[in-house]
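For reference, the structure is listed below as structure tokens.
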Number of protein chains: 2
Amino acid sequence: MVLGQDTIVVNGAGQRQNAVTAGQSVPAASMNSARNGKSNATIYDVAMVAGVNPSTVSRALSKSGRVSARTQKLIEAAATGLNFHANPFARALHTGRTNTFGLIVADLTSPASFDIIRGAGITATVRNYTLALAGSADSTVTELIAARRMMATVDGLILASPCMDDDDIRTLARDKPVVVINREVDGVPCVVPDESKGIREAVRSLAANGHTKVAFVAGPPQSPMSIRRWEAVQASCEFSRLDAVRLDSSRPTVDGGRQVAQDVRASGVTAVLTSNDLLAFGLMQELQAAGMVVPDEISIVGFDDIFGAGFTTPPLTTVRSPREECGSGAATLLLDLLHGTALSSGVPTIVTELVQRGSSGRVSARKMSPARCRRHEIEAELRRRA
Amino acid sequence: MVLGQDTIVVNGAGQRQNAVTAGQSVPAASMNSARNGKSNATIYDVAMVAGVNPSTVSRALSKSGRVSARTQKLIEAAATGLNFHANPFARALHTGRTNTFGLIVADLTSPASFDIIRGAGITATVRNYTLALAGSADSTVTELIAARRMMATVDGLILASPCMDDDDIRTLARDKPVVVINREVDGVPCVVPDESKGIREAVRSLAANGHTKVAFVAGPPQSPMSIRRWEAVQASCEFSRLDAVRLDSSRPTVDGGRQVAQDVRASGVTAVLTSNDLLAFGLMQELQAAGMVVPDEISIVGFDDIFGAGFTTPPLTTVRSPREECGSGAATLLLDLLHGTALSSGVPTIVTELVQRGSSGRVSARKMSPARCRRHEIEAELRRRA
DNA sequence: TTGTAGGCGTTATCAG
DNA sequence: CTGATAACGCCTACAA
């Protein structure tokens, strides 16, 4: 009696087996009667229809071979006829695999995150994976909670610009494959673009245009990405013999950019690089609102080349960071890791480049005429109201 | 022997029960020895440590009550000590619930999708759900495949601007709760903003500024959203006694907007509404590149108010559609449906409004001076290179 | 090649 | 309130 019900089912299968296979061709309509309505067909149903044992169905459908061609075909026909789809939980319970990977981005609110999401999402679809998404709102605890929740249900995890400790990341990575974007963590595969190249180009261009002192507007001071970029800026400036000062913003957003405008003016620089485009947007708005002309009086160079960078006035010069590539690259890497097909090359090389637009250019001390100044004020006001 | 192993395990629990509870306090270190390293603790382990039956652990931990306070505390201590986390697959296998819901957006590439994703994502996190995301690349088959894949692993599904048939949607909805965004489907809960209000405001503003003939640039002709918006435009124009012509774009993107510029000029209108902001961006660029002045010679009104709409020159007048609200509203609705706590109000009312910026205004036949024309050409060229 | 007999970790339904 | 036990659907030694 212990396995009574199971036995009954199997017997049932045995009985129907002949009835069905006798006809050989199996009209879909008759199949539905076996399991009409609600719950999905199981391998037991398929086995019943195909007249074989459930385990044979499992073998046939999980492509592990070891099934005769005839049986295979029979089972496949029955499966499609019943519209059978293996229950992923039952499978996961046994195999631990879900065909799902997670992506946690630092800020679900930033357009920069979106590019990463897109890259990872497209790759997921292409590789027949499901993408689980979460944002950490730039909070370490939220991020950890999200990561842990995900770890239970995914095959692997991508952390984009994470704010948690290196050790936390490594702990996660011990459990399941983890790929980090935009940050280097020892012992964990990372996809981080080579930002020095783009920054070098930017600084060189500024130097060539006669600038001698530039400011770097950092994001949150503890952000590894911001730190990395600032160091690269310093190095490039040193090489090009430019003075570089660092200004901290309250937040790495458009508003943060607006707020840092005063500091920028006070610093007396003729050019400013920002740690991301959002900051540049806000900074440029505020500077223009104050009557300054970009790039005549001050050059602005952003970072990332997010959507919209080409639409500002003037269009924003920026260091393009191929974030979509980062997303898809990380996803590809993770999936390869998962399938044991990781290329020897490992982490793909992703390179940044300067996108020269209108917001940066030659130093010119040209003062604005009163009329022009007035016009700019009006424009700025309009823009602010927008 | 049939259930031999089970019996052994249970006996094992019984044996250890005394040994452990004798000490009362249970040092974490000693617990680890029970299940060190790899695989996670199970309710059997917890039961063993707490000295109770696994089913009691299940009851205690799934908050279904019916457990004495003392036992509850004992079990919780054991669980945290062992760092126990219920295996979601095993749970799902039995309950069918995963605390995950799916979101399928029409186009992972569009900034408009992002707002929806953000809204849904934030709501998911807040309600302790995992969000599974997929894009359909505006393809019916891709969308259906994604939907089916998801259906197997989620508790419910949100379809944002889906392109599949109403019937397909209803079929999905028979299986699990489905909420549709941006489209009305009979018998399925839908979150669709009231676009007529915003459009009415836009048309009225155009009429008040002396325009008499406007064009509407549609997205893909079969897109329900585009159709709905065109109908609303027609209705409003009729009311305001404006002529309205419809122009079709190849694709609802910036490029599509550029390509439709010629048709717009040929149509001889003085104002144009586009089915989304992307189209407006491209259209404005192209028109300006051809030397036209916005809004002096032509007014442009977009739709959605996506990120970046405030950064163009002139800033884009647009009908704001609160897409993030749609995303969070749909998620909230879905989750409430899932928990049987759906409000009687049902679908939240979401309303659009005109955001008046610089790209629309009074009709003026003012011709450009040659110098001004030249300047605009240069600016447009710069913008294009950007 | 195919069938048998568990087991994966939980929940739910019974008895007690 | 607690314990025993049968599902849930699939996978996989092992046996035949």
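Heavy atoms only: backbone and side chains are in, while hydrogens, waters and symmetry mates are out. Letters A, B, ... are given to chains in the order of the sequence lines, protein chains preceding strands, and every chain is numbered from 1. In this text the structure is predicted, and so the values were computed from the model without any measurement.
Shown here is Arg97(B), whose CZ atom has more than 12 heavy atoms of other residues, nucleotides or ligands within 6.0 Å.
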Step by step, would you call Leu108(B) with Ile117(B) a side chain to side chain contact (heavy atoms under 4.5 Å, CB included)? CA-CA 9 Å; Leu108(B) 212 43; Ile117(B) 295 171; 4.0 Å; yes
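By the salt bridge (charged side-chain N to carboxylate O under 4.0 Å, His left out) test, Arg127(A) pairs with Asp336(A), sequence neighbours left out. Listed by chain and number, the residues in a ring-ring contact (aromatic ring centres under 6.0 Å, His included) with Phe101(A) amount to none (sequence neighbours excluded). Applying the salt bridge (charged side-chain N to carboxylate O under 4.0 Å, His left out) test to Arg118(A) and every residue at least two apart in sequence or in another chain returns Asp115(A), Glu324(A). Every residue two or more places apart in sequence or in another chain that forms a salt bridge (charged side-chain N to carboxylate O under 4.0 Å, His left out) with Asp166(A) is listed here: Arg183(A).
Distance check, rounded to the nearest 0.5 Å: CG of Leu144(B) to CE of Met151(B) gives 11.0 Å.
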B/S/- contact track for nucleotides 10-16 of chain C, protein heavy atom under 4.0 Å: BBB----
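Direction of the helix axis in the helix from dT1(C)-dA16(D) to dG16(C)-dC1(D) shifts by 40° between the two five-pair termini, rounded to 10°.
When the P atom of dG9(D) is taken as reference, atom CG of Leu82(A) falls 14 Å away, rounded to whole Å. Distance CD1 (Ile75(A)) to P (dC11(D)): 12 Å, rounded to an integer number of Å.
Residue Leu61(B) comes nearest to Phe84(B) through the heavy atom pair CD2-CE2, 3.5 Å, listed as atom of the first residue, atom of the second, then distance.
For dT2(D), the OP1/OP2 oxygens have no side-chain nitrogen or oxygen of Asn53(B) closer than 4.0 Å.
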